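Numbering of ligands and ligand atoms starts at 1, following listing order. These numbers were taken from a predicted model, which means no experiment stands behind them.
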Amino acid sequence: MEAKLHTIILAAGEGKRMKSDIPKVFHPVGGLPMIEYVLRRAIELPSDRVIVVVGTGKEIIMDYVSKRYEDALFVHQDKQLGTADAVKSAAQELSQLEGDVLILNGDVPLIKHTLIKDFYEQYKKSRASLGFITATLDNPEGYGRVVKRSGKFLIVEEKDADERIKKVKEINAGIYIVACKLLLKAAEKVKPSRVTGEYYLTDIVGIIQSMKKKVTNYHTDDTDQVLGINDRKALAHSEKILNRRKLNRLMSGGVTIFDPDNTYIEQDVVIGKDSIVYPNCFIMNGTKIGRRCTIWNGSIIKDAKLNDGVEVRPYSIIEQSIIGRDAVLGPFARIRPESVLDDNVHIGNFVEIKKSSLGKGTKANHLSYIGDATIGSRVNIGAGTITCNYDGFRKNPTVIEDEAFIGSNTALVAPVRVGKGAMIGAASAITKDVPENALGIERAEQRNIESYAIKRKNRLGHK
Ligand code: UD1
Ligand code: CA
């Protein structure tokens with residue numbers, strides 16, 4: 001029978017170097033909290049058990065994780081005394097497990113499934129009791145350095161290192177596989193650092209060797225994958241790497257990214273083939289874009305579904321909405337949450353739509369506000385139309401039936417209904433329902449005063 005593999009994620013640290021009120025592993029990167037990546041790696045491995053050590057900010061972390069990964073077990077580390085202490089806080093859970101355990105720091109979101117898989121294979125083949133990932137960095141600052149003395153590994157933390165050891169470029173990635181039974185025994189033997197007073201998990205490497213057990217390292221050349229995020233600079237750096245990986249995946253899937261250096265697409269966004277994304281767009285998680293869509297520059301799309309053939313013209317914002325096939329939006333359109341635009345809808349410049357539905361082929365091409373409205377098909381909304389949906393207390397609905405024609409600068413004072421095929425005269429303030437096929441008009445009659453302009457000029461003494 002294949003030995004079982006479990007994963008323990010260390011996520012209790014505060015992340016002092018982030019200078020933040022949010023626990024470090026909860027900081028978003030690529031639109032997802034850092035810990036999400038590590039959890040995904042643990043799940044797809046697959047891991048038999050997933051244990052998450054929580055401490056700082058544990059409420060938000062547990063709330064997030066338990067909603068998505070029902071089977072994750074939480075253990076609490078009361079005081080953040082170091083990574084070895086974090087492992088010890090899982091003593092009860094670990095003592096019940098058979099097989100091996102993968103230990104992942106919660107701040108390594110760039111690690112890929114393939115690297116962990118290869119590492120695990122090599123570990124099994126080597127018949128070692130502990131394996132750990134190492135890499136050679138040009139700038140190893142901040143990482144534990146890996147040194148070998150008379151054939152034995154030793155990891156020295158930056159803070160405990162002398163100048164000679166600080167020059168070592170081989171680093172500990174903070175990713176280990178250890179036989180379950182041995183891990184606890186070794187972690188319990190760790191003594192606090194004389195420099196920082198912290199209990200370093202890295203000390204188990206030496207401890208396990210002194211127990212006459214074999215230790216092996218897995219060296220990776222892909223240094224990006226082992227990047228540990230300790231501060232905001234590393235966060236920005238990982239953001240760039242994750243973004244580029246996402247754009248590459250999209251391009252491999254047949255999406256044109258006009259300028260990958262200036263396009264930002266979060267990790268879980270889906271885009272169909274033959275769609276084009278122009279520069280300076282920000283497309284956020286929860287978004288699904290169909291085939292043959294064009295997203296012009298400067299647009300922000302969040303948690304929205306765009307069907308095939310949609311064109312989003314420059315500088316438009318779409319949030320939590322559904323856009324039908326071949327619809328055209330913008331430039332400068334704003335589609336706010338809970339809007340549903342059917343096929344071939346046209347939304348032009350400076351039009352804001354909120355919590356409204358627009359039927360097939362309906363057009364609102366210029367300067368309008370449509371809120372809490374249900375609008376039928378082939379309706380024409382003239383420039384400057386406003387649904388006056390708020391009476392100071394409540395949001396009231398507007399209904400406009402199929403093929404109605406709303407003249408420019410109409411104020412529709414909700415609740416109000418415009419019947420099928422009805423027309424509204426320009427500049428009307430509509431406070432009463434308009435029946436089917438009727439003309440609704442509310443406007444003082446126009447008066448023309450002959451020669452008024454000339455008389456006025458004379459009065460004021462102008463020639
Ligand atoms: C750690 C390693 C270092 C390695 C680096 C790789 C130790 C002592 N050092 O250093 O050798 O090069 O990772 O990125 O392990 N945590 C807890 N409880 C604690 C302290 C930390 O759960 O008491 C968690 C943190 O939330 C974090 C992880 O452990 O996810 C690593 O802690 P961090 O402080 O980032 O360690 P590094 O200094 O980066
Ligand atoms: Ca770290």
Residues in side-chain contact (heavy atoms from CB on, under 4.5 Å) contact with Arg194, at least two apart in sequence or another chain: none
Could you list the residues that satisfy side-chain contact (heavy atoms from CB on, under 4.5 Å) with Lys213, not counting sequence neighbours? Ser129, Leu182, Ile208, Met211
Once the angle between the rings of [X] and [Y] is folded into 0 to 90°, is it parallel (under 30°), tilted (30 to 60°) or perpendicular (over 60°)?
{"X": "Tyr278", "Y": "Phe258", "value": "tilted"}
{"X": "Phe119", "Y": "Tyr218", "value": "tilted"}
{"X": "Tyr64", "Y": "Phe26", "value": "perpendicular"}

Report the nearest protein non-hydrogen atom to [atom]: residue, atom name, distance rounded to 0.1 Å.
{"atom": "atom 22 (O) of ligand 1", "result": "Ala12 N, 2.9 Å"}
{"atom": "atom 15 (O) of ligand 1", "result": "Thr83 OG1, 2.7 Å"}
{"atom": "atom 10 (O) of ligand 1", "result": "Glu157 OE1, 3.9 Å"}
{"atom": "atom 20 (C) of ligand 1", "result": "Gly82 C, 3.8 Å"}
{"atom": "atom 5 (C) of ligand 1", "result": "Asn172 O, 3.9 Å"}

Near Arg394 CZ, under 6.0 Å, is it more than 12 heavy atoms from other residues, nucleotides or ligands? no
Quick check on Glu44: does its CD atom have over 12 non-hydrogen neighbours (other residues, nucleotides or ligands) under 6.0 Å away? yes
When you look for heavy atoms under 4.0 Å from ligand 1, do you find them on the side chain of [X], its backbone, both, or neither?
{"X": "Met34", "result": "neither"}
{"X": "Glu158", "result": "neither"}
{"X": "Ala86", "result": "side chain"}
{"X": "Gln77", "result": "side chain"}
{"X": "Asn230", "result": "side chain"}

Atoms of ligand 1 less than 4.0 Å from [X] heavy atoms?
{"X": "Thr202", "result": "7 (C), 8 (C), 9 (N), 11 (O)"}
{"X": "Gln80", "result": "23 (O)"}
{"X": "Tyr200", "result": "8 (C)"}
{"X": "Gly144", "result": "3 (C), 4 (C), 11 (O), 12 (O)"}
{"X": "Lys24", "result": "35 (O)"}

Taking Ile271's backbone N and O only, do any of them form a donor-acceptor pair with Ser275's side chain (distance below 3.5 Å, no angle check)? no
Minimum non-hydrogen distance to [atom], winning option of [options]:
{"atom": "atom 24 (C) of ligand 1", "options": "Leu10, Ile204, Asn105, Val190", "result": "Leu10"}
{"atom": "atom 36 (O) of ligand 1", "options": "Glu198, Arg17, Glu14", "result": "Arg17"}
{"atom": "atom 6 (C) of ligand 1", "options": "Gly13, Ala173, Gly228", "result": "Ala173"}

Cation over ring face, Lys124 and Tyr120, 6.0 Å, 45°: yes
Lys58 NZ/CZ over Phe74 ring centroid, <6.0 Å and within 45° of normal: no
Keeping waters out of it, list the protein N, O or S atoms under 3.0 Å from the Ca ion (ligand 2). Asp107 OD2, Asn230 OD1
Does ligand 1 have an atom that lies less than 4.0 angstrom from a heavy atom of [X]?
{"X": "Asp85", "answer": "no"}
{"X": "Lys159", "answer": "no"}
{"X": "Val53", "answer": "no"}

Is there a side-chain contact between Thr374 and Ile400 (heavy atoms, below 4.5 Å)? no
Does Arg244 pair with Asp261 as a salt bridge, N-O distance under 4.0 Å? yes
Under the side-chain contact (heavy atoms from CB on, under 4.5 Å) criterion, do Glu93 and Ile8 qualify, and how do the steps go? CA-CA 10 Å; Glu93 284 69 15; Ile8 175 164; over 6 Å; no
Please lay out, stage by stage, how Asn172 and Tyr176 fare under the test side chain to side chain donor-acceptor pair (under 3.5 Å). CA-CA 9 Å; Asn172 163 40; Tyr176 323 78; 3.1 Å; yes
Return a table of donor-acceptor pairs under 3.5 angstrom between the side chains of residues 136-145 and protein atoms on other chains or two or more places apart.
| unit_1 | atom_1 | unit_2 | atom_2 | d |
| --- | --- | --- | --- | --- |
| Thr136 | OG1 | His219 | NE2 | 2.7 |
| Asn139 | OD1 | Glu141 | N | 3.2 |
| Tyr143 | OH | Gly228 | N | 3.1 |
| Arg145 | NE | Val168 | O | 2.9 |
| Arg145 | NH1 | Pro140 | O | 3.4 |
| Arg145 | NH1 | Tyr143 | O | 2.8 |
| Arg145 | NH1 | Glu158 | OE1 | 2.7 |
| Arg145 | NH2 | Glu158 | OE1 | 3.3 |
| Arg145 | NH2 | Lys166 | O | 2.9 |

Sort out for me which residue in Leu183, Ile103, Ile204 forms a side chain to side chain contact (heavy atoms under 4.5 Å, CB included) with Leu130. Ile204
